[in-house]
2 protein chains.
Amino acid sequence: MNIGQAGERAGLPSKTIRYYEDIGLIKPLRDANGYRAFRESDIHKLTFLGRARALGFTIEDCRNLLALWEDTGRASSDVRAIAKEHLQQIETKISDLQNMQRTLSDLVRDCAGDDRPDCPILLQLGKAT
Amino acid sequence: MNIGQAGERAGLPSKTIRYYEDIGLIKPLRDANGYRAFRESDIHKLTFLGRARALGFTIEDCRNLLALWEDTGRASSDVRAIAKEHLQQIETKISDLQNMQRTLSDLVRDCAGDDRPDCPILLQLGKAT
DNA sequence: CATAGGGGTTCCACTCACTGGAAGGTCAAT
DNA sequence: ATTGACCTTCCAGTGAGTGGAACCCCTATG
């Protein structure tokens, strides 16, 4: 299977797949003409990667998860640790963003948004310490 | 005022301030010895930038906001539009992250996290389409 | 006066996870 | 023979800095 079709099946652009090979996440075979030849196992890995990335795991997380995935004797606690750590980071990010959201929506609410120059948003951003 | 003290006052590392000069956000004067010489107005701008960045505005947003800030005749609607757009993006990001959080916390909850290899997290990531 | 240290300067490389584009090779169909 | 869709590699850029090397400057102390 060529890269285009592999991308179709895994839901990833060809560019991304080449990149994943570049950084050693997958190792497709090569045809005589130099084209990458994807096996079912490669597609499966790519799909796995797509899902993990969609959940926001970093590439390094994905590398580790993939290794655990292939290690049928792994302990589920290893996987869980990575996921929990990541979940923690997501939660931190959410709360940071919610803080921004609160501040910003207050400012937007208080700004008339008309032709006059008075603007609490700029006022707040520029206020002396 | 030298860059170190300017950074202290604005709450930004020197490196970041040099970078902001590089991309044209600020234009500090220079002393005879080549050192940057920061005026009060530069400090004020840097503080503004620090606040805007902390609210997650992009550098380009900051550039626009700074221009509006310096234009005393601006319309508050211009500022409000940028802020609203940004708020929208923050809200999208929050909801994306909340989706990830839900999925991941379900998976983490269902994973025993012991020495056994069975792991719903990997199972879910690798499931055939 | 020499030197040590703590500033400052520039420039280059690296981060993360791709993405875009150029220049060129391959394949199937017309 | 040629078109057009695929494939290949390699190089550069994204955003917003950060780290480090190599070097200059200023002040204080022995």
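Letters go in sequence order (proteins before strands), and every chain restarts at 1.
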Hey, is the main chain of [Y] close enough, under 3.5 Å, to the side chain of [X] for a donor-acceptor pair?
| X | Y | result |
| --- | --- | --- |
| A/Ser76 | B/Asp114 | yes |
| A/Asp110 | A/Leu107 | no |
| B/Arg80 | A/Cys111 | yes |

How many whole angstroms separate atom [atom1] of [X] from atom [atom2] of [N]?
| X | N | atom1 | atom2 | result |
| --- | --- | --- | --- | --- |
| B/Arg63 | D/dG15 | CZ | C1' | 12 Å |
| B/Arg18 | C/dA13 | CZ | P | 19 Å |
| B/Ile17 | D/dT18 | CD1 | P | 11 Å |
| A/Ile3 | D/dT8 | CD1 | C1' | 10 Å |
| B/Gln5 | C/dG8 | CD | P | 9 Å |

On a heavy-atom basis, the closest approach of A/Phe57 and B/Leu104 is CZ-CD2, 3.8 Å

Could you go through A/Arg109 and A/Asp106, starting from their C-alpha distance and side-chain angles, then the distance that decides it, and tell me whether this counts as salt bridge (charged side-chain N to carboxylate O under 4.0 Å, His left out)? CA-CA 5 Å; A/Arg109 192 198 54 219; A/Asp106 285 357; 3.5 Å; yes

Note: contacts of residues 21-36 of chain A with DNA chain D (heavy atom, under 4.0 Å) are A/Arg30, A/Gly34, A/Tyr35, A/Arg36

Nucleotide by nucleotide, nucleotides 16-22 of chain C touches protein heavy atoms under 4.0 Å in the pattern (B base, S sugar-phosphate only, - none) -BBSBB-

Handout entry: Presence of salt bridge, B/Arg30 and B/Glu21, under 4.0 angstrom
Key = yes

For this session: Spell out, yes or no, whether B/Ile59 and B/Val79 are grouped together once hydrophobic residues are joined by side-chain heavy atoms under 4.5 Å, including indirect joins.
Result: yes

With sequence neighbours left out, the residues meeting ring pair (Phe, Tyr, Trp, His ring centres under 6.0 Å) with B/Tyr35 are none

